[in-house]
Each structure stands twice: as structure tokens, then as C-alpha cells.
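First the structure, which I've put down as C-alpha cells, then a few questions once you've had a look.
No experiment lies behind these values; they were computed from the predicted model shown. For this chain, numbers begin at 1 and follow the sequence in order. Order of appearance sets the numbers: ligands from 1, and atoms from 1 within every ligand.
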Amino acid sequence: RAKAEGKGRYHVFDRRRDAPELERLRLENELREAVRSGQLELYYQPVYSLELGRIAGMEALLRWNHPRRGTMLPGEFVPMAEETGLIVPVGRWVLEEACRQARAWELGLPEGASPMVGVNLSLRQFQNPGLVEHVARLLRETGLDPALLTLEITESVAMHDVDSTVRTLERLNAMGVWLVIDDFGTGNSSIAYVGSRFKMNHLKLDGAFVREFLDDPENPTILPGLIDFAHAVGLRVIAEGVETRGQLERLRELGCEFVQGYYVAPPLGAAEATDLLTGRKPLFRGDPPPGKDTP
Ligand code: C2E
Ligand code: MG
Ligand code: MG
Ligand code: MG
């Protein structure tokens with residue numbers, strides 16, 4: 001085959017060219033194994049309610065504790081998993097683990113303190129015909145209150161095949177699961193469209209987008225309009241990537257309902273996340289914003 005490609009004969013032995021592909025193939029096989037051997041872990045990052053002054057949700061964020069490479073972030077393997085289809089078994093594991101943890105919090109925390117647990121779904125997971133059934137089965141098997149599960153999809157996932165998105169979201173909505181449009185502001189779909197066509201409950205503003213507008217005095221008018229418009233079409237607004245107290249205060253003034261970001265708390269392993277929920281570990285590193293949140 002190398003000969004048929006002519007100059008390609010050299011390419012067969014070109015380490016520089018082949019190494020990334022081999023490394024990728026290796027990573028693919030390792031990920032297949034990682035699901036079985038317990039190397040995947042969910043971290044949880046609080047979604048803080050500015051109205052209630054407490055944690056309302058926990059977003060599950062996938063980590064791979066790789067034996068050679070250490071802790072890997074989703075950006076380092078989710079795109080590969082998406083391309084190879086491995087995201088389907090990986091995503092099933094994520095949903096199962098998130099539902100199990102959500103149920104443990106539901107049972108273990110005082111009445112009303114259980115957070116909604118948010119799971120991110122990528123395109124292939126969302127389009128997988130077994131998704132709705134899998135979610136229904138997990139809710140049945142764990143006994144989890146469906147209102148404690150939120151599913152996050154980005155606008156590009158939602159817009160990929162609008163008719164099938166509408167059908168899938170309607171079935172999930174009918175089960176009582178909450179739906180979030182994630183990373184809003186990075187694409188170009190309209191809030192009116194998202195709010196009217198899709199059965200979404202929450203709009204999550206992308207972190208980079210939020211910071212860009214809050215920190216740039218040249219752009220003071222765009223974010224307020226966006227938040228008001230989201231409210232007008234019945235969507236509650238979560239701002240992600242909130243890194244400073246000033247950003248939180250500004251978002252509160254703008255009527256944003258929820259904030260998420262390093263200022264509140266970073267993503268943490270399940271044990272530390274539980275400590276946040278029980279108050280054993282402080283939010284805001286013990287330095288909360290002034291105002292009605294201070295106990
Ligand atoms: P996302 O859903 O938008 O998640 C928010 C990302 O922002 C997380 O990155 C989080 O660690 C990071 N972040 C949180 N607070 C701050 C902040 O204050 N400042 C900044 N600069 N960043 C902040 P992470 O954990 O690396 O996840 C990246 C993306 O990977 C997620 O973006 C999500 O799209 C995807 N992802 C995560 N877990 C899963 C999963 O289980 N399945 C799938 N399909 N995708 C996942
Ligand atoms: Mg998300
Ligand atoms: Mg997001
Ligand atoms: Mg984001």
C-alpha cells in the first residue's frame with residue numbers, strides 16, 4: 001500500500017506524522033477501557049441562586065483520571081469520544097453516575113436542600129435514539145425526582161436538526177426533567193427562537209461572553225437586553241464563568257437568577273461538593289458578596 005502511494009512509502013515510517021494518529025488510537029482504546037475500570041469521575045460545580053442565596057444546582061463535569069497523563073479535562077478527550085462514538089457509552093456512564101449522586105443528595109440532605117444535578121449532552125448523545133428511554137429508566141431505577149435532573153445542550157446541538165430536537169425535548173420535558181440551553185452567546189441563534197420553538201427552561205450564558213460584556217464598558221447595553229429578552233420568553237438565566245464579586249453584583253442588578261463560576265466555587269469532587277451543600281465548606285472561599293445573601 002505504501003508503494004501504491006508512491007512517495008507515501010516514506011510516510012509509513014514518518015514518526016512525526018504517525019505519532020499523533022497512533023497516540024490518538026491509543027487514547028481511544030484507553031478511553032474504552034477507562035469506562036470499565038473506573039477511571040472516569042464527575043466533578044460538581046455549584047449553580048448559585050441569587051434569589052434564594054444558596055446552591056440550587058450542581059453541574060456535573062467529567063474528568064478522566066488517566067493512569068499516565070493524570071487528570072484530563074473534557075476538552076482533551078470529549079471531541080475524540082464524539083468523533084469515534086465512544087461518547088455514547090461514556091455519556092451513559094455520566095448520566096448513571098449523575099443520577100446516582102443526585103439521588104444520594106436527595107436522600108441525604110434536609111428537605112428542600114437537594115440540588116438539581118446538570119448533565120452535559122453532546123451532539124451524538126442527544127441524537128442517540130436510546131437517550132430518552134435511558135433517562136426514563138434511570139429515573140425509574142434510582143427513584144430520583146425528575147425535577148432534580150437538568151440536561152444541558154448547546155445551541156449548535158439544538159439547531160443541528162430542529163425537528164428532531166423539538167421531539168426529543170418534548171419527551172424529556174414531559175418526564176419533568178429540566179432543560180438548559182448551554183453556552184448561549186457563542187452561536188448566533190435567537191432567544192426568541194430558542195424560547196418559542198424548544199421546550200427550554202433555562203438559558204445559560206457562556207462565561208467568556210458574560211465576562212466580555214461585564215468587563216468592557218464599551219458594551220454595557222447588550223447583556224441587560226439579552227437577560228430581559230430571555231425573561232420575556234419565559235427562560236430563567238444562569239450566567240456561567242463568574243470569576244469576581246463585581247461580576248456577580250452586576251448580574252444581580254441585571255436580574256440574572258443564577259450564577260456559576262470560580263468566584264462561587266470551582267468544580268469539586270463529590271465529597272467536597274457535598275461539604276459545600278452541608279455548609280462544612282464555605283462558598284466564595286468564605287468571603288461572600290455583600291447584600292441579602294449574607295446570613
Ligand atoms: P460547559 O458545560 O460550558 O462547562 C463550563 C466549563 O467552564 C467547565 O469546564 C468549568 O470547569 C469551566 N468553568 C467553571 N467556572 C469557571 C470560571 O469562573 N471561569 C472559567 N474560565 N471557566 C470556568 P470543563 O469542566 O473543562 O468542561 C468543558 C466543557 O466540556 C463543558 O463546558 C461541557 O461542554 C463539556 N463537558 C463537561 N462534562 C461533560 C460530559 O459529561 N459530557 C459531555 N458530552 N460534555 C461534557
Ligand atoms: Mg454545561
Ligand atoms: Mg456552559
Ligand atoms: Mg461554557
Among all protein non-hydrogen atoms, which one is nearest to atom 28 (C) of ligand 1, and what is the separation to 0.1 Å? Pro74 CG, 4.0 Å

Does the side chain of Glu30 come under 3.5 Å of the side chain of His66 through a donor N or O and an acceptor N or O?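 Yes, His66 and Glu30 have a side-chain donor paired with an acceptor closer than 3.5 Å.
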
Roughly how far apart are Leu223 CG and Asp228 CG, rounded to 0.5 Å?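 With rounding to 0.5 Å, CG (Leu223) is 10.0 Å from CG (Asp228).
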
Going by an N to O cut-off under 4.0 Å, is there a salt bridge joining Arg24 and Glu28? no

Quick check on the Mg ion (ligand 3): does Glu59 put an N/O/S atom closer than 2.8 Å to it? no

For Glu240, the ligand 1 atoms whose distance to one of its heavy atoms is below 4.0 Å: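 Per the distance check, 3 (O), 5 (C).
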
Does only the side chain of Val90 get under 4.0 Å from ligand 1, or the backbone, or both, or neither? Count heavy atoms. neither

How far is atom 10 (C) of ligand 1 from its nearest protein heavy atom, and which residue and atom name does that atom have?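 Sorting protein heavy atoms by distance from atom 10 (C) of ligand 1 puts Leu61 CD1, 3.8 Å first.
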
Assess whether a salt bridge exists between Arg245 and Asp287, defined as any Lys/Arg side-chain N lying under 4.0 Å from an Asp/Glu carboxylate O. yes

Apply the test side chain to side chain contact (heavy atoms under 4.5 Å, CB included) to residues Glu257 and Ile238: give CA-CA distance (whole Å), side-chain angles for both, the deciding distance (0.1 Å), then the verdict. CA-CA 6 Å; Glu257 282 90 354; Ile238 307 166; over 6 Å; no

Does either side chain, that of Trp64 or that of Thr71, offer a donor lying less than 3.5 Å from an acceptor on the other one?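 Result is no, nothing qualifies.
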
Would you say the ring centers of Tyr263 and Phe284 fall short of 6.0 Å from each other? yes

Give a yes-or-no answer on whether the side chains of Glu152 and His202 include a donor-acceptor pair shorter than 3.5 Å. no

Numbered atoms of ligand 1 (with element) below 4.0 Å of Asp182, judged on heavy atoms: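 Near Asp182, meaning under 4.0 Å from one of its heavy atoms, ligand 1 has 1 (P), 2 (O), 3 (O).
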
Once you measure the plane-to-plane angle for Phe198 and Tyr193, does it fall in the parallel (<30°), tilted (30-60°) or perpendicular (>60°) bin? perpendicular

Contact (N/O only, under 3.5 Å) between Tyr263 and ligand 1: no

Quiz question: by atom type and distance under 3.5 Å, do the side chains of Gln125 and Asn120 form a donor-acceptor pair? no

Looking only at heavy atoms, which two atoms of Arg197 and Val166 are closest? And how far apart?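 What the structure gives for the nearest pair is O-CG2, 3.7 Å.
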
Any luck finding a side-chain donor-acceptor pair between Ser122 and Glu82 under 3.5 Å? yes

Nearest-neighbour protein heavy atom for atom 3 (O) of ligand 1, which is reported as residue plus atom name and distance: Asp183 OD1, 2.9 Å

Can you label the angle between the Tyr44 ring and the Trp105 ring as parallel, tilted or perpendicular, going by 30° and 60°? perpendicular

Check ion pair Asp275-Arg280 (N to O, under 4.0 angstrom): yes

I need the single residue from Asn128, Val135, Leu131, Ile87 that forms a side-chain contact (heavy atoms from CB on, under 4.5 Å) with Leu121. Which is it?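 Of the listed residues Asn128, Val135, Leu131, Ile87, the side-chain contact (heavy atoms from CB on, under 4.5 Å) partner of Leu121 is Leu131.
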
So if I count the atoms of ligand 1 from 1 in the order they appear, which ones are less than 4.0 Å from some heavy atom of Ser122? 44 (N)

Run the contact test for Glu82 against ligand 1 with a 4.0 Å cut-off on heavy atoms, strictly below, and give the result. no

Tell me which one of Ile87, Val119, Asn120 gets a heavy atom nearest to atom 39 (C) of ligand 1. Asn120

Using a 4.0 Å heavy-atom cut-off, which part of Lys204 comes near ligand 1: side chain, backbone, both, or neither?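 Neither part.
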
Heavy-atom protein neighbour under 4.0 angstrom from atom 46 (C) of ligand 1: yes

In terms of residue, atom name and distance, what is the protein heavy atom nearest to atom 18 (O) of ligand 1?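 Here the closest protein heavy atom is Tyr262 N, 2.7 Å.
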
With a cut-off of 4.0 Å, which atoms of ligand 1 are near a heavy atom of Pro267?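 Taking each heavy atom of Pro267 in turn, ligand 1 has 11 (O) under 4.0 Å.
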
Of all protein heavy atoms, the one nearest atom 38 (N) of ligand 1 is Leu62 N, 3.1 Å

Only N/O/S atoms count here: what is the atom of Asp182 closest to the Mg ion (ligand 2) called? OD2

Considering only protein heavy atoms, determine whether one is less than 4.0 Å from atom 32 (O) of ligand 1.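 False for atom 32 (O) of ligand 1.
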
protein heavy-atom neighbour closest to atom 44 (N) of ligand 1 works out as Gln125 OE1, 3.0 Å

Examine ligand 1 and decide if any of its atoms is less than 4.0 Å from a heavy atom belonging to Glu59. yes

Where the Mg ion (ligand 3) is the vertex, angle from Asp183 OD1 to Glu240 OE1 to 10°: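 About 110°, to the nearest ten degrees.
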
Strictly under 2.8 Å, is the Mg ion (ligand 3) approached by any N, O or S atom of Glu152?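 No, outside the cut-off.
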
I'd like to know if atom 7 (O) of ligand 1 has any protein heavy atom within a distance of less than 4.0 Å.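 Given the 4.0 Å cut-off, atom 7 (O) of ligand 1 does not count as touching protein heavy atoms.
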
Ligand 1 versus Gln45, non-hydrogen atoms closer than 4.0 Å: side chain, backbone, both, neither?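 The answer is the side chain of Gln45.
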
Below 4.0 Å from any atom of ligand 1, is there a heavy atom belonging to Gly241? yes

Going by the atom numbers of ligand 1, which of them fall below 4.0 Å from some non-hydrogen atom of Arg63? 11 (O), 24 (P), 25 (O)

Scan side-chain atoms only and decide if Glu41 and Asn65 contain a donor-acceptor pair under the 3.5 Å cut-off.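 Note: Glu41 and Asn65 side chains meet the donor-acceptor criterion.
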
One residue to check: Arg211. Relative to ligand 1, which of side chain, backbone, both or neither has a non-hydrogen atom less than 4.0 Å away? side chain

To which protein heavy atom is atom 19 (N) of ligand 1 closest, and what is the distance rounded to 0.1 Å?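 Answer for atom 19 (N) of ligand 1: Glu243 OE2, 2.6 Å.
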
NZ/NE/NH1/NH2 to OD/OE distance under 4.0 Å, Glu106 and Arg100: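 No, Glu106 and Arg100 are not salt-bridged.
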
Ligand-side contact atoms (ligand 1) for residue partner Gly261, heavy atom cut-off under 4.0 Å: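 Selected atoms, number and element: 15 (N), 18 (O).
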
